[in-house]
Structures are given as structure tokens and as C-alpha cells.
J.: 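Here's a structure for you.
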Amino acid sequence: MACKLIDKERNVLISMNPATFEILGEVPMCTPEGVSGAVASASEALAGWSALTVRQRAAHLLKARDYMLDRVDEIATLISSENGKPVTEAVNAEILVASELITRYAARAPELLKDRPLEIGNPLLGVLKESRLVYRPLGVVTVVSPWNYPFSIPMSGLVFALLAGNTVVFKPASDVALIGMKINEILNVGGNLPKGVLNTVIASGRTIGETLFTPPVRRIVFTGSTEVGRKIQGIAARNFIPTSMELGGKDPMIVLEDADLDLASSGAVWGAFTNCGQVCASVERVYVARPVYEKFLELVKEKTMKLRIGLGTDLNTDIGCMANEEQYNQVLEHLGEAVEMGARIECGGRRPDNGMPGYFIEPTILTNVTHDMKVVRDETFGPMMPVIPFDTVDEAVFHANNSVYGLCASVWSGDRRRGEEVARRIEAGTVCVNDAVYSFALVETPWQGMKESGTGCSHSDEGFMEFVFGQHINEDRSPGFMHRRMWWFPYSADSYSLLKSSISAFANLAKFPALGVSVVTKRAYRKMFL
Ligand code: NAD
């Protein structure tokens, strides 16, 4: 049974709790005309919204944050009920991250968006010309998000896009439509956004077609599977629309023989099973130095068997249910194939007997696994932890990098310097030493993938600047009597030799920066001529 139903007659989506199949509510589905209308409405609102100062836009977002903070229990319960995760995770990995992002970047954005003077090193042009970057919004931005972190992930794109002066069409995953509509309420009602600045559409991929990925859309922020990302990237490329693609992962964890095994085993259990393993940065394969392999295995088994599986809304639940049927079936398929090929289930692997009809599966540890099994090679996105021994660090690094993905990784060592040395050899957007998974919560740091884990960057100043275009403004400051530039028509033998000799003159002057475009030269020049 699916955890959402579409009533075609009324064109509404009926959302259900994936643990109990209880109906949670319904949301009207968008038609193809509705999707086009959302883009048109975002286009119309652009002039007004982008004309506000960044501080005025930040004030709207801070109001939305306060509205959200007044309703933490209500929002956490909704996230847990529609998505299956424990409420504690709804608070720390969803609401806290969204709040941090608004708080930090409402304060940082005015500084980041200030005009930036550009240094011109050429001694002549440096005096005669002024250049600066001025940052302007891109226009209409599309934010398409997945179901696994249904609140913090879309908020990341929405907050940056809006702060930077863009207007948005937001498409949440259908499995979490009610949470998507709650975000819409927080920003539109709580943040009192002007009409049309944020437009939320609940629609299937088929209804959307190419509408959200072609002009007048000017940027696409997609978070989801590599498969769908590839499709959308293709449409975007044909239309020269820049994208941020936050895609899948198969994150390795490397435990060196000098690691604190108590810490590393607790980190592995949390990293592999938080959010029921449905994390792009989940610990999906663990490589352990052979001398400590048996001890590590004993510890992770002991800790995994103590985890409490249940309803996410119960405050004492560690592991909720999976969010939907497709993902549940994929996990069973990976597990079934691994066992058929010789993997050993060390613990878990069954459906818990908890009297609930939903998508529950026990957190599972697998050994005797090989790199041709899906559970080691492909993204499982579920509560599976394959554990593999290694003999040399080179071997561990080779296996860690032998993947089409490169999102995150972790290295565990008692010697931080050694941990970092290994971390620098891993092909991944983020590598944590002695922690895992959590760094999405550090909003000032970049969240990005290498290889097929994506392009572009979320969070961080670099990620924020992806929502603006740095336009180069260049002004001439030549004195009035200079009626032409030396490189203009008409060309002659004189202009040829003047330009030719200036090549080496400029190159030589660069050796003596004080003689070049110093502030003093500029000031003296301006005093004389301007
Ligand atoms: P998905 O690719 O199936 O869907 C993502 C979004 O795209 C959803 O809103 C979905 O409705 C929409 N979509 C699907 N097909 C579409 C189409 N043809 N046109 C327009 N929109 C379409 O992914 P999912 O199952 O929701 O999420 C799980 C995946 O997301 C995993 O692979 C996971 O690793 C990845 N993910 C990556 C990150 C990251 O930051 N790198 C974060 C979270 C999840």
C-alpha cells in the first residue's frame, strides 16, 4: 500500500502516515496550466521583490523564522507523521537547520551582496578604468526537493533564493505534500511575502513536463536521485539554465586501527541508521582495519540491537519507519540479493513485530559482502550497514573512491593529523574526521558532491552566491581631452609599436608593484584630471 493516494476525480492528493496508514490530510494537485501559472506569477512578482533592499527581504525571512519557532512542536509532529522519522530528528536535522540558515544568512547577506571593486593590475588601465562587480538576482528560480529531509532541504534553496532577490516556484516531493504546504504557510503567511514571490505546486513529474526547467526560469535547484537529476540537467543544458544538482551518494566510512572504537562504533550506528538510513550522506559502507575488525563488529552489533524501533512521534523512538513503499522495496531487494550472493546478516534484516502495518525494517548489519553486490555498490538508502575489513590504508582509500558517487565520507582515527591525511585522499564533497553525516547542519560550510553526486553547492557563502549574477560594471575615468583610446581606430605603424612596447613595459612594471597602480598614483591622477 502506498502512503499517498491520488483522487483523480477531485484531483487531490491524500497523504497518509507511512507507519500507520492513517489519513493525515489532502492537498489539491496542480494542473499543467497551474504549473505555468505559478511561473507566470513568479515572473510578475520579480520586479517588486528584487527592488527591495536585502535588509527588507531579510526582515520577511526573520518574521517567517519566528512564526516557525512559535510552532516547533506542531511542525515536528507533522514531519514525523508524514515522513516517519523520530521527532527528535525532525527538530535537530530539519527545523534547527532551517532556523540557523535564516538567522545566519539574514545577517550575512547584506555584506555578501555589497558591490565589490575589482583590482586592475595593468598600470595604465588601472588608472583610467574603474571596475566593480554588482550582484543582481537571477530571476525566477525553481526549487525541486526530495522526501527524505522534507523541511530543511527545500528551506535551504528557498531561503537563499529569496534573500538574494529571486522569486520562486517550489515543488516538494508528493510523499511529503503536507510538509511542503507547511513551508509555504511559514514563508507566505508567517513571512508575509508579497503575492507571487513564492509559489508552491504539488504536481507529478508528468504534469510539470519541462515547464519548471525552461525560460523564464533562470536557475534550477534540484535535490534528488542521480537518475532524475540527469534528466533535468539535460533539459537545463539545452536551455543554458544553470543548476545546482544535489544527488545520490554511497558514502564510505574508514575506521583506522588507532580509532577510538567506542566512538567509531556509536558514530557508525547513528550514521547508518539515522532517518532509517534514508540520508544522501548516510554511512552506506564501513571499511575497518583488520586488527580491530572483530571488536568493531561486536560493538556495532551490540549497539544496533539496543535501538528502539517505533512510531516517530514517540519521544523514545530511535528508528522510525521508512517513508514510502518504493524505498522499502528497494531496501528489501538489496538485502535479498546480498544474502543470495553469500552475505551474512549479523543482526536485523527482518520486519519488526510491532503491530503496525507501515514500512518498518530492523536496522541491519551485513558481513561477508563483496563489491559486486548492490548493497555495497549502489545507493541503498535504507537501514543497512555492510562492514568490510581492509589490510592497508591504500586498499581502503581505493574502495572508498571506487564509486560513481562522491558526496560525503568519514575517516576515524585517534590521530587527527593522520585522519586528515586520509581524508584528503577521498573523492567526496565533505569528509569528516571522527564524525559523520551531520555537516548539513553547519550552514556556513559547503554542501556539494563530486562525480555523479552532483554539481553546484548548497549552504555556505559560495552556495549563496550561486543565486546572484555578478555583473561587471566598467567605467572610463580618462580625462576629457583624451578623445580616443590607444587601441581604437585608426591603426598605424605608430600605434602598432606603441602597443607592442607596452607589452614588455607592463610586464616589467609588474615586478615593482609600488610603481604600478598604487593608491597614490590613482589619487594623484584624479587630482590632476577629474
Ligand atoms: P527523486 O529524484 O525521485 O525525486 C526528487 C524530486 O524530483 C521530487 O520532488 C520528485 O517529485 C521530483 N521529480 C521526480 N521526477 C521528476 C520529473 N520527471 N520532473 C520533475 N520533477 C520530478 O528523489 P527522491 O526519491 O525524492 O529522493 C531520494 C534521492 O535524493 C536519493 O538518491 C538521495 O541520495 C537524494 N538526495 C540527495 C541529497 C543531496 O544533498 N545530495 C539530499 C537528499 C536526497
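Residues: numbered from 1 along the sequence shown. Just the heavy atoms: all of them, side chains too, but no hydrogens, waters or symmetry mates, feed the values below. Keep in mind that this is a model prediction, so the values were computed, not measured. Whatever order the structure lists ligands and atoms in, that order sets their numbers, starting from 1.
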J.: Report the nearest protein non-hydrogen atom to atom 38 (C) of ligand 1: residue, atom name, distance rounded to 0.1 Å.
T.: Cys280 SG, 3.1 Å
J.: For atom 30 (O) of ligand 1, tell me which residue out of Gly180, Gly205, Gly224, Ala203 has the closest non-hydrogen atom.
T.: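 When every heavy atom of Gly180, Gly205, Gly224, Ala203 is considered, Gly224 comes closest to atom 30 (O) of ligand 1.
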J.: So is Arg108 actually on top of Phe464's ring, under 6.0 Å and inside 45° of the axis?
T.: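 Relative to the ring axis of Phe464, which defines the angle, Arg108 lies outside at least one limit.
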J.: Indicate, with yes or no, if the rings of Phe160 and Tyr105 have centres closer together than 6.0 Å.
T.: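 Yes, close enough.
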J.: List ligand 1 atoms under 4.0 Å from Leu407, heavy atoms only on the residue side.
T.: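 Matching atoms, with element in brackets: 41 (N).
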J.: For Asn199 and Ser41, does a side-chain donor sit closer than 3.5 Å to a side-chain acceptor?
T.: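 Yes, a side-chain donor-acceptor pair sits under 3.5 Å.
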J.: For Arg285 and Tyr287, does a side-chain donor sit closer than 3.5 Å to a side-chain acceptor?
T.: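 Yes, Tyr287 and Arg285 have a side-chain donor paired with an acceptor closer than 3.5 Å.
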J.: Starting from atom 27 (O) of ligand 1, locate the nearest protein heavy atom and write down its residue, its atom name and how far away it is, to 0.1 Å.
T.: Pro146 CB, 3.3 Å
J.: One residue to check: Arg206. Relative to ligand 1, which of side chain, backbone, both or neither has a non-hydrogen atom less than 4.0 Å away?
T.: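 For Arg206, there is no contact with ligand 1 at all, from either part.
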J.: In this structure, does ligand 1 have an atom that sits under 4.0 Å from one of the heavy atoms of Trp147?
T.: yes
J.: Would Lys231 count as a polar contact of ligand 1, with the cut-off being nitrogen or oxygen pairs under 3.5 Å?
T.: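 Lys231 vs ligand 1: no N/O contact under 3.5 Å.
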J.: For ligand 1, which atoms have a heavy atom of Val144 less than 4.0 angstrom away?
T.: 6 (C), 7 (O), 9 (O), 12 (C)
J.: Checking Lys303 side chain against Gly267 main chain: does a donor-acceptor pair fall under 3.5 Å?
T.: no
J.: So which protein heavy atom does atom 40 (O) of ligand 1 come closest to, and at what separation?
T.: Trp447 NE1, 2.8 Å
J.: Below 4.0 Å, non-hydrogen atoms only: which portion of Tyr149 touches ligand 1? Side chain, backbone, both or neither.
T.: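 Within the 4.0 Å criterion, Tyr149 makes no contact with ligand 1.
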J.: For ligand 1, which atoms have a heavy atom of Ile153 less than 4.0 angstrom away?
T.: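 So the answer, numbered in order with elements, is 42 (C), 43 (C).
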J.: Should the proximity of Ser145 to ligand 1, defined as any heavy atom under 4.0 Å, be assigned to the side chain, the backbone, both, or neither?
T.: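 The answer is the backbone.
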J.: Taking Phe381's backbone N and O only, do any of them form a donor-acceptor pair with Gln278's side chain (distance below 3.5 Å, no angle check)?
T.: no
J.: If you take the centroid of each ring, where Trp contributes its six-membered ring, are Trp447 and Tyr438 closer together than 6.0 Å?
T.: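 Judged by ring-centre distance (under 6.0 Å), Tyr438 and Trp447 do not meet the cut-off.
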J.: Hey, does Lys171 come in under 3.5 Å of ligand 1, counting only N/O atoms on both sides?
T.: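 N/O-N/O distance below 3.5 Å exists for this pair.
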J.: One residue to check: Phe381. Relative to ligand 1, which of side chain, backbone, both or neither has a non-hydrogen atom less than 4.0 Å away?
T.: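 Contact part for Phe381 vs ligand 1: side chain (C-beta onward).
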J.: Test the Lys231-Phe213 pair against the cation-pi criterion, namely NZ or CZ under 6.0 angstrom from the six-membered ring centroid and within 45° of the ring axis.
T.: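 No; the conditions do not both hold, so Lys231 does not lie above the ring face of Phe213.
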J.: Verify the distance criterion only: is there a donor paired with an acceptor across the side chains of Arg351 and Tyr328 at less than 3.5 Å?
T.: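 Present: a donor and an acceptor within the cut-off.
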J.: Please check if a non-hydrogen protein atom sits closer than 4.0 Å to atom 9 (O) of ligand 1.
T.: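 Given the 4.0 Å limit, the answer for atom 9 (O) of ligand 1 is yes, a protein heavy atom qualifies.
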J.: Can you tell me which portion of Thr223 lies within the under-4.0 Å heavy-atom range of ligand 1? Options are side chain, backbone, both, or neither.
T.: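 It is both parts that get close, each with some atom under 4.0 Å.
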J.: Holding to side-chain hydrogen bond (donor to acceptor under 3.5 Å, both in side chains), I want the full list of residues that pass it with Ser152, two or more places apart in sequence or in another chain.
T.: Glu94
J.: Going by atom types alone, do Thr243 and Gln233 pair a side-chain donor with an acceptor below 3.5 Å?
T.: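 Distance-only check passes for Thr243 and Gln233.
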J.: Considering only non-hydrogen protein atoms, determine which one is nearest to atom 2 (O) of ligand 1 and report residue, atom name and distance to 0.1 Å.
T.: Ser225 OG, 2.6 Å
J.: Would you say Phe440 contacts ligand 1, with heavy atoms under 4.0 Å as the rule?
T.: no
J.: Regarding His459 and Ser156, is there a side-chain donor-to-acceptor distance under 3.5 Å anywhere?
T.: yes
J.: Determine all donor-acceptor pairs shorter than 3.5 Å in which one atom belongs to a side chain in residues 244-253; sequence neighbours excluded.
T.:
{"from": "Glu246", "atom 1": "OE2", "to": "Ser458", "atom 2": "N", "distance (Å)": "3.1"}
{"from": "Glu246", "atom 1": "OE2", "to": "Ser458", "atom 2": "OG", "distance (Å)": "2.8"}
{"from": "Lys250", "atom 1": "NZ", "to": "Glu284", "atom 2": "OE1", "distance (Å)": "2.6"}
{"from": "Lys250", "atom 1": "NZ", "to": "Val375", "atom 2": "O", "distance (Å)": "2.7"}
{"from": "Lys250", "atom 1": "NZ", "to": "Asp378", "atom 2": "O", "distance (Å)": "2.6"}
{"from": "Lys250", "atom 1": "NZ", "to": "Thr380", "atom 2": "OG1", "distance (Å)": "3.2"}
{"from": "Asp251", "atom 1": "OD1", "to": "Cys408", "atom 2": "N", "distance (Å)": "3.3"}
{"from": "Asp251", "atom 1": "OD2", "to": "Cys408", "atom 2": "N", "distance (Å)": "3.4"}

J.: Could you tell me how the ring of His371 sits relative to the ring of His399: parallel (under 30°), tilted (30 to 60°) or perpendicular (over 60°)?
T.: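 Parallel, since the angle between the ring planes stays under 30°.
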J.: Show the atoms of ligand 1 that are less than 4.0 angstrom away from any heavy atom in Phe213.
T.: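 Answer, ordered by atom number: 20 (C).
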J.: Applying a 4.0 Å heavy-atom criterion (strictly less than), which segment of Asn148 is in contact with ligand 1: side chain, backbone, both, or neither?
T.: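 For Asn148, the contact with ligand 1 is made by the side chain alone.
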J.: Check each atom of ligand 1 against the heavy atoms of Glu379 and keep those under 4.0 Å away; list them by number with element.
T.: 31 (C), 32 (O), 33 (C), 34 (O)
J.: Among all protein non-hydrogen atoms, which one is nearest to atom 22 (C) of ligand 1, and what is the separation to 0.1 Å?
T.: Val228 CG1, 4.0 Å
J.: Report the part of Leu247 (side chain from C-beta onward, or backbone N, CA, C, O) that has a heavy atom under 4.0 Å from ligand 1; answer both or neither where that applies.
T.: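 Only the backbone of Leu247 comes within reach of ligand 1.
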